[in-house]
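Worth knowing before you read on, the calculation uses all heavy atoms, side chains too, and leaves out hydrogens, waters and symmetry mates. Each chain gets a letter, A, B and so on, in the order the sequences are listed, and its residues count up from 1. Please read these numbers as outputs of a predicted model, since none were measured by experiment.
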Amino acid sequence: MKSVKKNIPAVAKNYDHQKIEPKWRKIWDKTSLNKTSDKTDKPKFFILDMFPYPSGQGLHVGHPRGYIATDVYSRYKKMHGFNVLHPMGWDAFGLPAENYAIKNKTNPVAQTVINVKRYKEQMEMIGLNYDWNREINTTDPAYYKWTQWIFVQLLKKGLAYESFAPINWCPSCKTGLANEDLENGKCERCGSVIEKKPMRQWVLKITDYADRLLKDIDDLNWPESIKESQRNWIGRSEGVNFKQEVKDLEIKFEVYDSIPQTFLAQTFTVIAPEHPMVKDLVRGTPQEKTVLDFVEMIVDKKRKNKFDVENDLEGIFTGRYVKNPFGTGDLPIWIASYVLVDYGTGIVNCSAHDERDFNFAKKYNIPFKTVLLPKDDDLAQKVKRNEVFYRQPDGILQSPEEFKGLTWSESRQKIIDYIVNKGLGERKVNYKLRDWVFSRQRYWGEPIPVVHCERCGVVPVPEKELPVVLPKVKFYEPTGTGESPLANIEKWVNTKCPKCKGKAKRETNTMPQWAGSSWYYLRYMDSKNSKALVDSKKEKYWAPVDLYVGGTEHATRHLIYARFWHKFLYDTGVVSTKEPFMRLKNQGMILGSDNRKMSKRWGNVVNPDDVVKNVGADTLRVYEMFMGPFEQEISWSTDNMVGSRRFLERVWKLQEKISDGNGPVENKEFEMILHRTIKKVTEDILGFNFNTVISALMILINAAEKVELSRDNYEIILKLLAPFAPHITEEIWANLGNKKSIHIQTWPDFDAKKIVSENVTVVVQINGKPRANFEVAVGTAQAEVEKIAYALPEVAKWMAGKQIKKVMFIKEKILSVITD
RNA sequence: GGGCGAGUGGUGUAAUUGGUAAACACGCUAGUCUUAGGAACUAGUGGCGCAAGCCGUGGAGGUUCAAGUCCUCUCUCGCCCACCA
């Protein structure tokens, strides 16, 4: 790292951040400045950071960007008289701690304690005003008691169930994973190719909440991109299920179609290779073995993830037919590699108006029909000859006869009604969202609080007996057999059935990392309650989270899971709001100075410890807020940080200008800047435009240096800066003789009278080009402005010998003259 | 393939929402002070041009007295999702 030290100016002798910053943090700690009141007499504001996973690396300068923003915002809210809840905790279960423990033969519990301590020190060093009395840790039994409690409630309501369906299995992490944990078919954590593996697992019925999760997105004050990601992830689609039967067999089934407009073009049916119906279809046929071999080949390819979606388009005819579904003939049933077994019914009717079906039919010479034609005649001929694939919203429907001439898009609802009325099928809604695979075959997670009894089957652990404490083990290695390492602890596994007192075994799977974070925000409201997840009075006061800040990477996992659990807790009466997080802001990532993600691997990591030591926490904070728009990704630049340091030094030096003279010095122009800045800062903090706040404050300081600064006005400046630079402003505030902390002062109001100026600049444009500008009194009329303008030589020059054709006048802004 | 977003000086970026493009900051140039400067302060700093002036917000059109901002087309980049019938 380039040395920061070189840029520290000589004035540092006076502004000694190394002395000031720790001093004030100690005093704030002693006076409980950051403690959140339990009284409910003031309006509340709940502002939350996505709590971190405390890794062994500690924080780099990119991490605190969001923390600083919420810190600024919460200080600002406090100065506006709000009772602010601004807490922090640790999402400490998860694979890295466990893998580290395996590698170094340490204990994840001990390692977590070390990591948390380090994170906390770093956060305190930056001057973040968290109320540490409410600190939580997902790995604390007193905390995960309630995570387990929620699971038991889900189980009781039938929203948690055991499944034996094939799931995503990471061969390297040796655990099952949820759909949300994959990236392009690979393990999000280690990058291994995921296999499909049938095994017993716990699954949460998030799909029961799909509709509400979708609908309520509309009311959230969240970034549009996140809302759109969630909508896509839920993937609601409306269509019909056609009822069909297999010719010569006693098999009935349904096929889902979300675009049934072209249903009369359907000429064949495809079924997923792994579909259970396949065996019944081909049983006893001459091609039974060939088909089953083919199926095995495809299934194996898919299981090993060697199936190439783009290029592997394979299928085989089953020898069976769908019996005349639409009165236009039987449809041959094929097995096709591209059909998904777990979407819709796993069986699909195909036509020339679906691109994949089109390509499949071409490859296997299955006959086509076309019922949708373009307006363009040449193209229509090509479509008729099946030379090109065609499906466009403005394509014209040819059949059924009743709908001939309608476009593809306008016929949709009508066709659906037609299909339903004719009894061919029923309306059906499908979702892309899958139920949440909730068990992990690993050690470092919350034990699933369930007992398997020989007689009673699955029995939840009684609420009185929660938490089921994660036992200490000698070896954390995953077994790889689909059992967690807990399975080897016989003393722990063997237990009694809570119902019949007979022999029983504990569930050895643990919960995924997302469990503890799906409800943690609630616990901050009442972090030490041993009787309830959260006291309902406290919940009613604090909920919902007013402002939530974190990275975009949680768009479709944490933020969906938490909304799901919250809605469930709403249904069970634990919480009083439908949604957990009203407003969401995403911080842009801070990259290394080489424009790459900060990582040990690239050697571009900047440690906040060094920055704080060299230039101070306040400089770090101001710089991170100033460097660019909050939501935008941006590269770190230690060189640019100097500007923020200089800015604070100038604020510091203003002390020399203050005399206890005879009150405020009259300077209208400066007061205008001051009050405009109050207005701008007040508004821009609310809008998360921190970069422009700092720049406005810089302008203000530049102006303050040029005037006789009154003590009152200096104090206003300090208050505006206090949320950003809490230490230096507190020090100067005290130097000015104030006894109480600046952070409990009232936010300054701007004086509306002082922000209006008497004069404005009017620009003169001649034929669209700005040629001159001058000051006039506010409200000066057109005639007067024209008179002044035409007298100016730089205007007269452009108008000499020309006729005025048109004059455009916008009061207090512009005089636009058009000549011939 | 689908969705979302972004393209402005040497650099990070700003622009009262259609009204003097480049505020603020970094860097750079010159000067002052200094034993010294990698400190501070002062002045300057979009491009071309001696100048008058012309050009300038990815590109091409358009609307308008006036466009970074609105419309049409287009190019480039980033992120997320992706066999979802």
Side-chain angles (χ1 to χ4, degrees), chain A residues 3 5-13 183-185 223-229 231-233 235-237 239 255-260 266 270 272 307-310 312-313 336-340 342-351 353-357 430-434 552-553 555-556 588-589 623 626-629 631-644 646-647 649-650 653 676 680 689 691-702 705 761-773 797 805-810 812-818:
Chain A
S3 169
K5 220 173 249 172
K6 67 166 191 182
N7 291 312
I8 299 181
V11 72
K13 277 178 212 143
E183 266 173 15
N184 294 321
E224 209 43 55
S225 59
I226 301 277
K227 289 165 77 165
E228 211 42 43
S229 290
R231 290 191 188 105
N232 291 337
W233 191 265
R236 185 177 199 273
S237 119
V255 293
Y256 178 67
D257 194 346
S258 74
I259 38 166
Q266 294 171 352
V270 287
F307 188 78
D308 179 357
V309 171
E310 302 277 308
D312 282 342
L313 188 65
S337 57
Y338 64 88
V339 186
L340 299 171
D342 56 357
Y343 186 76
T345 62
I347 316 174
V348 189
N349 279 357
C350 304
S351 80
H353 299 296
D354 178 279
E355 196 159 16
R356 284 156 315 172
D357 300 346
N430 267 318
Y431 298 93
K432 283 200 233 177
L433 185 71
R434 294 281 92 99
T552 52
E553 68 274 18
T556 52
M589 202 190 304
Y623 174 57
F626 179 58
M627 62 195 302
E631 288 171 285
Q632 189 176 301
E633 191 171 85
I634 201 155
S635 304
W636 179 264
S637 161
T638 297
D639 287 343
N640 281 357
M641 188 168 59
V642 190
S644 301
R646 283 185 194 145
F647 164 64
E649 277 158 13
R650 296 172 126 182
K653 276 215 285 192
R676 283 183 174 176
K680 182 163 179 62
N689 301 313
N691 54 331
T692 53
V693 170
I694 300 297
S695 107
L697 289 172
M698 285 172 168
I699 293 167
L700 179 62
I701 295 303
N702 290 345
E705 282 172 342
T761 303
V762 168
V763 176
V764 184
Q765 287 188 1
I766 294 159
N767 294 327
K769 293 198 185 274
R771 295 298 181 189
N773 66 78
K797 186 170 109 187
K805 275 171 69 182
K806 191 176 176 184
V807 177
M808 197 75 176
F809 179 67
I810 308 291
E812 289 154 26
K813 276 194 180 139
I814 222 146
L815 179 75
S816 186
V817 181
I818 309 300

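Note on A:S237: a side-chain N or O is less than 4.0 Å away from OP1 or OP2 of B:A85. Taking 4.0 angstrom as the limit, A:R231 places none of its side-chain polar atoms (N or O) nearer than this to OP1 or OP2 of B:C4. A:Y343 has a side-chain polar atom (N or O) that falls below the 4.0 Å cut-off from OP1 or OP2 of B:A85. The side chain of A:K797 places an N or O atom within less than 4.0 Å of a non-bridging phosphate oxygen (OP1 or OP2) of B:G53. Proximity of A:K227 to the phosphate of B:C80: no side-chain N or O atom is located under 4.0 Å from OP1 or OP2.
The same atom, P, is picked in B:G10 and in B:G56; the two are 16 Å apart, to the nearest Å. The same atom, P, is picked in B:A66 and in B:A21; the two are 13 Å apart, to the nearest Å. Going from the C1' atom of B:C26 to that of B:A6 covers 23 Å, rounded to whole Å. B:U57 and B:U69 have their P atoms separated by 9 Å, given to the nearest Å. Straight-line distance between the C1' atoms of B:C84 and B:U8: roughly 41 Å, to the nearest whole Å. For the P atom pair drawn from B:G68 and B:G62, the interatomic distance equals 15 Å after rounding to whole Å. B:U42 and B:C24 have their P atoms separated by 13 Å, with the value rounded to a whole Å. When the C1' atom is used for both B:G19 and B:C70, the distance is 14 Å, rounded to whole Å.
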Under the side-chain contact (heavy atoms from CB on, under 4.5 Å) criterion, do A:T552 and A:M589 qualify, and how do the steps go? CA-CA 9 Å; A:T552 52; A:M589 202 190 304; over 6 Å; no
Test A:Q266 against A:D257 for side-chain contact (heavy atoms from CB on, under 4.5 Å), laying out the working first. CA-CA 11 Å; A:Q266 294 171 352; A:D257 194 346; 2.8 Å; yes
Could you go through the side-chain contact (heavy atoms from CB on, under 4.5 Å) check for A:K680 and A:T692 one step at a time? CA-CA 9 Å; A:K680 182 163 179 62; A:T692 53; 4.1 Å; yes
Take A:F647 and A:Y623 through the side-chain contact (heavy atoms from CB on, under 4.5 Å) test and state the conclusion after the steps. CA-CA 10 Å; A:F647 164 64; A:Y623 174 57; over 6 Å; no
Criterion salt bridge (Lys or Arg N to Asp or Glu O under 4.0 Å) on A:R231 and A:E228, from CA distance to verdict: CA-CA 5 Å; A:R231 290 191 188 105; A:E228 211 42 43; 2.7 Å; yes
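In this structure, A:R650 reaches the sugar-phosphate backbone alone: every heavy-atom distance under 4.0 Å involves primed, P, OP1 or OP2 atoms, never a base. No engagement by A:V270 is indicated, since no non-hydrogen atom pair under 4.0 Å with the nucleic acid exists. When heavy atoms are screened at a 4.0 angstrom cut-off, A:K806 is found touching the sugar-phosphate backbone but no base atom. Among the heavy atoms of the strands, none lies under 4.0 Å from A:N349. As judged by a 4.0 angstrom heavy-atom cut-off over every strand, A:I259 is placed among residues touching the sugar-phosphate backbone only.
A:W233 has its CH2 atom 12 Å from the P atom of B:C80, to the nearest Å. If you take CD of A:Q266 and P of B:A85, they are 14 Å apart, rounded to a whole angstrom. Atom CG of A:D342 is separated from atom P of B:A85 by 13 Å (rounded to the nearest Å). In this structure, the CG atom of A:D354 is 11 Å from the C1' atom of B:C84, given to the nearest Å. Atoms CD1 (A:I766) and P (B:G53) sit 11 Å apart, rounded to a whole Å. Rounded to an integer number of Å, the gap from CZ of A:R676 to C1' of B:C24 is 17 Å. Residue A:K432 contributes atom NZ, which lies 13 Å from atom P of B:G2 at whole-angstrom precision. Residue A:D639 contributes atom CG, which lies 13 Å from atom C1' of B:C28 at whole-angstrom precision.
Each of A:S337 and A:R771 was assigned the nucleotide of RNA chain B with the nearest heavy atom; the assignment lying further toward the 5' end belongs to A:R771. Nearer to the 5' terminus of RNA chain B, by closest-nucleotide assignment, is the contact made by A:I694 (compared with the other of A:G235 and A:I694).
For the strand RNA chain B, secondary-structure stems (runs of at least three Watson-Crick or G-U pairs, all distances below 3.5 Å) span B:1-7 with B:75-81, B:10-12 with B:24-26, B:27-32 with B:40-45, B:46-48 with B:53-55, B:58-62 with B:70-74.
Residue A:N232 holds its CG atom at 10.0 Å from OG1 of A:T556, rounded to the nearest 0.5 Å.
Shown here, B:G9 is classed syn by the O4'-C1'-N9-C4 or O4'-C1'-N1-C2 angle, which is within 90° of 0. Its glycosidic angle being within 90° of 0, B:U17 falls on the syn side.
Nearest nucleotide to the A:R646 side chain, out of B:A39, B:C65, B:A85: B:A39. Picking from B:C24, B:C55, B:A85 the nucleotide with the shortest atom distance to the side chain of A:K769 gives B:C55. When distances run from any side-chain atom of A:R356 to the nucleotides B:A25, B:A85, B:A82, the shortest one goes to B:A85. Counting only heavy atoms from C-beta on, A:E228 has its side chain closest to B:C4 among B:C81, B:C4, B:A85.
Counting all heavy atoms, side chain and backbone alike, A:V642 lies closest to A:D639 at CG2-O, 2.9 Å. Here the closest non-hydrogen pair linking A:D342 and A:R434 is O-NH1, 2.8 Å. Considering all non-hydrogen atoms of both residues, A:S695 and A:F626 come closest at CB-CE1, 3.9 Å. Contact between A:F809 and A:L815 at its shortest, heavy atoms only, is CD1-CD1, 3.8 Å. Scanning all heavy atoms of the two residues, the minimum distance from A:A272 to A:L340 falls at CB-C, 4.1 Å. Across all non-hydrogen atoms, the minimal contact from A:V270 to A:C350 is CG2-SG, 3.3 Å.
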Nucleotide by nucleotide, nucleotides 11-23 of chain B touches protein heavy atoms under 4.0 Å in the pattern (B base, S sugar-phosphate only, - none) -BSS----BBS-B
